[in-house]
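Indexing begins at 1, ligand by ligand and atom by atom, following the structure's order.
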Amino acid sequence: MLTGKNALITGIANKNSIAWAIAQALHEQGAAVGLSYAHDKLARRVNPLVATLDCDFAQKCDVQSDDEIAQLMTDFGARFGRLDILVHAIAYAERDDINGRFSETGRDGFAAAMDVSVYSLIALARAAQPWMKNGGSIITLSYYGAQKVFPKYNVMGVAKAALEASVRYLAADLGAQQIRVNALSPGPIKTLSAGAFGGFNQMLEHVAEVSPLQRNVTQADVGNAAVFLASDLAATITGEVMQVDSGYHTLGMTMPSHSA
Ligand code: NAD
């Protein structure tokens, strides 16, 4: 489905990262992939993974640095000549800001969460544009906590709401260049970042119990949905937030199936 397309996937930290599952799924469908990671310490974990994908492009890019974003795109462009698929799988919030009271969110923590989790999508999309010569597909990762309140999601819920609004504004802005911008919104998946949220295992149990499909989502499920959005099958889909959550978001009230 993706033969002949070049993909840049950001946000890989380890083998549990959603970014890694997306990289594998896009590669399986024929895309040539390059990866980026946040800091040098991650190279030790990322490089062995990259080697399994016939991929020779894995570069550090801290998205709080405009210079590193520019360098990433220049180097990707020099290596691949064109960019067709950009995946933004990056988020950050101070631990105190997600697990404390929302009203206690600090000014600096709020700014950092918005910068890393939201502004970086805009900055990456801007830097990617010159290389998206045949149009392209930009995919980011959101969470239902953008739309409804979830315990201990706090500032990240506000950041995801801004991310989803940014998807719509970017889609409108870049549409004339045939660049599509969408978000995938998976249910909870145990990853490095997810570990920062208190009560995460209870969330997993709850989703498995009450969601229409009565199961949790895997990284591979998200990878498959990313293949669709990246492919020409989704040629007229842009500005969308696609829930990949076993149907959890359709529920108005959650009841354990055994009490029905
Ligand atoms: P993860 O920890 O594997 O990935 C998060 C990535 O963000 C890491 O690779 C981290 O290095 C990167 N990052 C943080 N600060 C950065 C910076 N300054 N520059 C560059 N990269 C930076 O966890 P994940 O769960 O795979 O998260 C990927 C995306 O999926 C995030 O946007 C997350 O909010 C979203 N998401 C996750 C879940 C879940 O339950 N795991 C659910 C819905 C959405």
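- Under the 4.0 angstrom criterion for non-hydrogen atoms, His88 is not in contact with ligand 1.
- Side-chain contact of Gln178 with Asn134: a donor-acceptor pair under 3.5 Å is absent, judged by distance alone.
- In the displayed structure, Phe150 atom CZ is contacted under 6.0 Å by more than 12 heavy atoms of other residues, nucleotides or ligands.
- Put simply, atom 10 (C) of ligand 1 has no protein non-hydrogen atoms near it, under 4.0 Å away.
- The protein non-hydrogen atom at the shortest distance from atom 19 (N) of ligand 1 is Val63 N, 3.0 Å.
- Other residues, nucleotides and ligands place no more than 12 heavy atoms under 6.0 Å from the NZ atom of Lys15.
- Counting the atoms of ligand 1 from 1 in the order shown, those under 4.0 Å from a heavy atom of Ala13 are 8 (C), 9 (O).
- In terms of polar-atom proximity, defined here as any N/O pair under 3.5 Å, Tyr143 makes no such contact with ligand 1.
- Residue Ala38 approaches ligand 1 through these ligand atoms, each under 4.0 Å from one of its heavy atoms: 11 (O), 16 (C), 19 (N), 20 (C), 21 (N), 22 (C).
- No side-chain donor-acceptor contact under 3.5 Å links Asp62 and Ser65.
- Which parts of ligand 1 touch Gly187 is read off a 4.0 Å heavy-atom cut-off, strictly below it: atoms 40 (O), 42 (C).
- Residue Lys160 has at least one heavy-atom neighbour below 4.0 Å for each of these atoms of ligand 1: 31 (C), 32 (O), 33 (C), 34 (O).
- A side-chain N or O of Gln71 and one of Asp75 form a donor-acceptor pair less than 3.5 Å apart.
- Counting only heavy atoms of the protein, atom 2 (O) of ligand 1 lies nearest to Ser193 OG, 2.5 Å.
- A salt bridge does not link Asp232 with Arg180: none of the charged nitrogens is closer than 4.0 Å to a carboxylate oxygen.
- The nearest heavy-atom contact from the protein to atom 40 (O) of ligand 1 is Ile189 N, 2.8 Å.
- Every atom of ligand 1 with a heavy atom of Leu42 under 4.0 Å away is listed here by number and element: 11 (O).
- Aromatic ring pairs are classed by plane angle as parallel below 30°, tilted from 30° to 60° and perpendicular above 60°; the pair His249 and Tyr144 is perpendicular.
- Residue pairs that meet the ring-ring contact (aromatic ring centres under 6.0 Å, His included) test with at least one member in residues 166-205, sequence neighbours left out, are Tyr153-Phe197.
- Contact analysis puts Ser142 in contact with ligand 1, with a non-hydrogen atom separation below 4.0 angstrom.
- Ligand 1 is never approached by Asn16 to a heavy-atom distance shorter than 4.0 Å.
- Atom numbering of ligand 1 starts at 1 in the shown order; those under 4.0 Å from a heavy atom of Pro186 are 42 (C), 43 (C), 44 (C).
- For Asn6, the side-chain contact (heavy atoms from CB on, under 4.5 Å) criterion is met by Ala32, Phe76, Phe80, Arg82, Asp84, not counting sequence neighbours.
- Distances from atom 6 (C) of ligand 1 to the heavy atoms of Pro188, Cys61, Ser185, Ala89 show the closest one on Ala89.
- Looking at Ser17, Ala91, Ala19, it is Ala91 that brings a heavy atom closest to atom 31 (C) of ligand 1.
- For Glu28, the CD atom is loosely surrounded, since the number of other residues' heavy atoms within 6.0 Å does not exceed 12.
- For atom 26 (O) of ligand 1, the nearest protein heavy atom (residue, atom name, distance) is Ile18 N, 2.8 Å.
- In this structure, Tyr144 has no heavy atom closer than 4.0 Å to ligand 1.
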